[in-house]
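Read the structure below first, then the notes.
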Amino acid sequence: MEKFMKYFMLVLFASAVMLAGCSDDDDDNQPTTPVTSTYDLLKDYLISNNMDADNIIADWITSAEGVFTTGVENFYIIDIRGEADFQAGHIEGAVNSTLGNILTTAEAANGKPIIVVCYTGQTAGHAVMALRLSGYADAKVMKWGMSGWNQATSAPWTNNTGDAAIGHANWVAAPGNITPNAEFAYPVLQSSSQDGATILAERVAALLGGGFNGITNADVLASPANYFINNYWAEGDVEHYGHIAGAYRILPFTLKDGNDKNLDASKAVVTYCWTGQTSSMMTAYLKVLGYDAKSLLFGANGLIYSNLESHQYMGAADYPLVTK
């Protein structure tokens with residue numbers, strides 16, 4: 001009997017082990033829900049809420065003339081220059097703020113369309129991108145910044161036009177030899193949320209907390225292979241003027257068409273345009289997506305100013321300044 005009981009207990013133990021093993025196998029074979037990456041969640045949210053790049057970077061700039069002739073009282077003007085420069089001369093009715101505080105300042109707009117002004121129109125691009133991604137769809141940059149408003153505030157542009165690329169070994173003369181597009185991995189984003197709106201708010205906060213993301217033409221021309229360079233011009237313009245060595249040309253750029261796959265997230269993505277203003281908007285958008293993005297300061301106006309047949313900075317108007 002004792003032998004029988006030992007044998008019986010052994011059988012029970014073996015059966016339990018087998019059942020446990022079956023249970024584990026069943027768990028392992030259960031279908032798992034795929035985890036959507038934070039990048040994909042953000043991308044899908046932007047597309048589905050009409051915030052793809054071609055929607056956001058559209059009708060985003062106005063002229064000093066447009067602001068003046070419409071009447072400054074019809075806009076909520078946010079001036080993000082330094083306080084001392086603001087007090088020395090600014091547009092009547094403008095409020096002084098910073099890039100980092102732009103969303104808080106915008107809360108007082110009371111329905112007026114927002115115009116952001118800075119020294120050159122470049123930092124304002126980051127501010128307007130943050131505003132547009134945060135519900136202020138009519139926010140705009142004032143072209144050329146305060147350098148386009150009055151001669152007294154024009155130095156930031158007049159001092160920075162130039163021909164850094166003309167004759168430079170790393171400028172490819174017309175008709176150019178643009179690099180064919182390739183495909184790369186997306187950036188890796190981290191978030192504790194699976195909600196697109198929350199992820200976007202986090203990314204906008206990171207953009208504003210990081211300050212303006214610019215890079216000099218001297219740095220890029222010295223070592224263009226260190227960067228992923230996107231020439232943000234039409235194809236005909238590249239053929240007419242040339243381009244920085246190794247540059248790609250990804251334009252138009254939209255998420256819905258998968259153009260983000262053509263950006264190399266392993267390098268700093270440098271975008272350059274005519275004036276550094278459009279590239280500032282694009283750079284801010286890419287920063288929100290998680291790219292290490294930089295805007296080439298002053299664009300073609302700093303690279304080949306003497307050769308430009310359009311898009312040149314031509315000096316300031318003479319609209320009134322008020323002091324404080």
Side-chain angles (χ1 to χ4, degrees), residues 60-136 138-161 204-205 207-214 216 275-281 283-284 287 295 297-299 301-302 313-324:
W60 58 271
I61 195 164
T62 189
S63 64
E65 180 183 12
V67 173
F68 181 75
T69 56
T70 301
V72 297
E73 69 278 3
N74 294 305
F75 301 102
Y76 185 64
I77 301 172
I78 306 176
D79 187 327
I80 56 174
R81 294 176 300 151
E83 183 180 0
D85 292 321
F86 175 80
Q87 291 180 351
H90 58 266
I91 299 171
E92 185 175 3
V95 296
N96 193 211
S97 186
T98 63
L99 176 61
N101 290 329
I102 197 73
L103 296 182
T104 301
T105 306
E107 292 174 359
N110 293 321
K112 286 186 176 182
I114 295 173
I115 304 293
V116 182
V117 300
C118 63
Y119 293 98
T120 64
Q122 294 176 93
T123 305
H126 277 35
V128 167
M129 179 55 69
L131 289 167
R132 287 190 162 210
L133 291 174
S134 302
Y136 300 93
D138 59 355
K140 293 185 179 183
V141 172
M142 190 175 80
K143 190 173 184 178
W144 309 120
M146 289 302 289
S147 292
W149 186 261
N150 188 284
Q151 291 292 333
T153 53
S154 66
W157 255 109
T158 56
N159 292 343
N160 284 289
T161 59
V204 170
L207 166 69
L208 295 176
F212 177 66
N213 298 276
T216 66
T275 67
Q277 295 171 106
T278 305
S279 61
S280 173
M281 289 284 287
T283 293
K287 290 291 289 187
S295 178
L297 294 169
F298 304 101
N301 273 257
Y313 173 72
M314 299 300 289
D318 192 26
Y319 299 130
L321 294 169
V322 297
T323 58
K324 184 175 181 179

Exercise. Got a donor-acceptor contact below 3.5 angstrom from the Tyr119 side chain to the Gly82 backbone?
Worked result: yes
For this session: Ignoring hydrogens and angles, tell me if any N or O in the side chain of Gln277 forms a donor-acceptor pair with the backbone of Trp144 under 3.5 Å.
Result: yes
For this session: Scan Thr98, Val117, Ile102, Ile115 and name whichever one has a side chain to side chain contact (heavy atoms under 4.5 Å, CB included) with Ile78.
Result: Ile102
For this session: Kindly assign one of parallel, tilted or perpendicular to the pair Tyr313 and Trp157, based on the angle between their ring planes and the thresholds 30° and 60°.
Result: parallel
Exercise. Is the shortest heavy-atom distance from the side chain of Ile114 to the side chain of Lys140 under 4.5 Å?
Worked result: no
Exercise. Passes side chain to side chain contact (heavy atoms under 4.5 Å, CB included), Met146 versus Asp85? Steps please.
Worked result: CA-CA 10 Å; Met146 289 302 289; Asp85 292 321; over 6 Å; no
Seminar exercise, completed: Minimal heavy-atom distance between Ser134 and Val204, with the atoms involved, is OG-CG1, 3.8 Å
Problem set entry | Nearest heavy atoms of Leu103 and Tyr136, plus distance in Å | O-OH, 4.3 Å
Problem set entry | Phe298 vs Thr161, side chain to side chain contact (heavy atoms under 4.5 Å, CB included): CA-CA, chis, key distance, verdict | CA-CA 7 Å; Phe298 304 101; Thr161 59; over 6 Å; no
Seminar exercise, completed: In short, Gly89 meets Thr153 closest at the heavy-atom pair O-CG2, 4.4 Å
Problem set entry | Thr70/Phe75 under side chain to side chain contact (heavy atoms under 4.5 Å, CB included): CA gap, chis, key distance, verdict | CA-CA 9 Å; Thr70 301; Phe75 301 102; 3.7 Å; yes
For this session: Measure the OG1-CD1 distance between Thr275 and Ile61 for me, rounded to the nearest 0.5 Å.
Result: 6.0 Å
For this session: Find out whether Leu297 and Phe212 are in side-chain contact, i.e. whether some heavy atom of one side chain is under 4.5 Å from a heavy atom of the other.
Result: yes
For this session: Could you tell me which non-hydrogen atom of Ser154 sits nearest to which non-hydrogen atom of Gln151, and how far apart they are?
Result: OG-O, 2.8 Å
Problem set entry | Reported CD-to-OG distance for the pair Gln122 and Ser147, which is rounded to 0.5 angstrom | 9.0 Å
Problem set entry | Residues Phe68, Ile91; criterion side chain to side chain contact (heavy atoms under 4.5 Å, CB included); working and verdict | CA-CA 9 Å; Phe68 181 75; Ile91 299 171; over 6 Å; no
Problem set entry | Nearest-0.5 Å distance, NZ of residue Lys112 to CD of residue Glu73 | 7.5 Å
For this session: Taking atom CD of Glu65 as the centre, report whether more than 12 heavy atoms of other residues, nucleotides or ligands fall under 6.0 Å from it.
Result: no
Exercise. Can you name the nearest heavy-atom pair linking Ala130 to Leu208, along with the distance?
Worked result: CB-CD2, 3.6 Å
Problem set entry | Separation of Leu321 CG from Asn150 CG (nearest 0.5 Å) | 4.0 Å
Exercise. Say you draw a straight line from CG of Leu131 to NE2 of His126; how long is it, rounded to the nearest 0.5 Å?
Worked result: 13.0 Å
Exercise. Is there a donor-acceptor pair closer than 3.5 Å between any side-chain N or O of Ser280 and the backbone N or O of Thr123?
Worked result: no
Problem set entry | Taking every non-hydrogen atom, the tightest pair across Ser97 and Thr105 | OG-OG1, 2.6 Å
Exercise. Taking only residues two or more places apart in sequence, or in another chain, which ones meet Arg81 in a salt bridge (charged side-chain N to carboxylate O under 4.0 Å, His left out)?
Worked result: Asp79
For this session: Return yes if some donor-acceptor pair links the side-chain N/O of Asn160 with the main-chain N/O of Thr158 below 3.5 Å, else return no.
Result: no
Exercise. NZ/Lys287 to CE/Met129 distance, rounded to the nearest 0.5 angstrom?
Worked result: 14.0 Å
